[in-house]
Amino acid sequence: MATRNGTRSNTRSERSAFSWGSTGAIAGVALGGAALAIAANIGRKLAVQGLSASKGEWDASLAAEHDMVLALFDKMLETDETQTTKRKMLLMKLGHALDKHAYAEEHVIYPALRESNDVAEAKQLEGEHGEVKTFLHRLNNMKTDAPEWAATVREFRDSVEAHARLEEDEIFPRLRAGVGDEMNRKLTRELNMAGFMMA
Ligand SMILES: [Fe+2]
Ligand SMILES: [Fe+2]
């Protein structure tokens, strides 16, 4: 009896030890996994935003993103209707790049335009971002082998290029020249932070 109890007791004790050890180990692995996932996500964000930030100040970094987005459009226009998976992947990439870019402009640069009394320009650019979202919605609801897919992408590209030209050639240089060095440095810091949040 004593032996059986002892055996049972030992077994319980072993089970208990195993059970706690296992739970602790699982919890440890889960916590380690979560920490790794957070670290990996921060690393990914730094890598994504680092590409834009490495271009220099806020206007150069936004111009680099314009080039990157236009190159994505070109890749989309090189596909044919049989490449449906590639079209879906490129559209997803384009949507993410445009969302990140628009977020940073709408939270940092367009408010700075309003504060510099360029309210009409800020309103116009915000309205054009609305058109971008409309194009994305239209394409996200269109089959990637639809006959009108390429023409819609072409129209979308033209619209984004005109918007980018207006920002790069007229509105951003005027804002940059109108605020001091300190404000330009602040805009660069804020833009990098906004881009990092959305990366
Ligand atoms: Fe914009
Ligand atoms: Fe832009």
Side-chain angles (χ1 to χ4, degrees), residues 44-78 87 89-142 150-199:
R44 185 189 57 76
K45 280 170 172 281
L46 283 171
V48 171
Q49 182 53 24
L51 283 176
S52 302
S54 66
K55 305 298 174 190
E57 298 197 22
W58 65 267
D59 49 344
S61 135
L62 289 174
E65 289 186 2
H66 291 159
D67 291 345
M68 193 264 280
V69 161
L70 292 175
L72 271 177
F73 275 115
D74 292 338
K75 279 190 183 169
M76 291 167 86
L77 290 167
E78 283 165 12
R87 284 184 169 187
M89 297 288 290
L90 287 169
L91 178 59
M92 210 191 301
K93 222 171 161 179
L94 179 77
H96 185 252
L98 285 169
D99 279 348
K100 173 183 173 295
H101 184 82
Y103 179 88
E105 286 185 343
E106 288 167 12
H107 286 78
V108 179
I109 305 303
Y110 298 175
L113 277 175
R114 286 176 182 273
E115 282 163 11
S116 302
N117 290 321
D118 284 334
V119 177
E121 284 85 353
K123 275 187 184 169
Q124 180 186 342
L125 295 176
E126 281 158 0
E128 290 175 1
H129 279 197
E131 286 173 25
V132 167
K133 289 175 181 74
T134 307
F135 269 115
L136 280 174
H137 184 259
R138 199 186 302 167
L139 282 170
N140 281 325
N141 285 284
M142 188 185 290
T152 307
V153 172
R154 163 63 58 195
E155 197 189 338
F156 190 4
R157 188 196 188 284
D158 290 346
S159 159
V160 167
E161 189 174 24
H163 176 85
R165 290 279 75 80
L166 177 64
E167 288 182 335
E168 280 183 46
D169 298 344
E170 293 181 39
I171 297 181
F172 290 173
R174 197 162 59 232
L175 176 64
R176 186 181 169 77
V179 298
D181 287 350
E182 196 181 325
M183 177 56 90
N184 277 311
R185 278 194 294 275
K186 186 169 178 280
L187 290 178
T188 299
R189 280 197 306 275
E190 288 182 356
L191 192 84
N192 283 332
M193 186 51 72
F196 178 77
M197 298 266 294
M198 286 293 285

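Note that the structure is predicted; figures quoted are calculated from it, not measured. One is the number of the first residue; the rest follow in order along the sequence. First listed ligand is number 1; within each ligand, the first listed atom is number 1.
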Does H107 have any ring-ring contact (aromatic ring centres under 6.0 Å, His included) partners at least two apart in sequence or in another chain, and if so, which?
Y103
If you measure from the Lys or Arg side-chain nitrogens to the Asp or Glu carboxylate oxygens, is any gap between D99 and K133 under 4.0 Å?
no
In the structure I gave you, are the side-chain heavy atoms of F135 and E155 within less than 4.5 Å of one another anywhere?
yes
Neighbouring protein N, O or S atoms of the Fe ion (ligand 1) [cut-off: under 2.8 Å, no waters]:
E105 OE1, Y110 OH, H129 NE2, H163 NE2, E167 OE2
Ion pair check, R174 and E170, cut-off under 4.0 Å:
no
Are any of the side-chain nitrogens in K186 or E190 under 4.0 Å away from the carboxylate oxygens of its partner?
yes
State whether E126 and R114 are salt-bridged, where the test is any N-O pair (Lys NZ or Arg NE/NH1/NH2 against Asp/Glu carboxylate O) under 4.0 Å.
yes
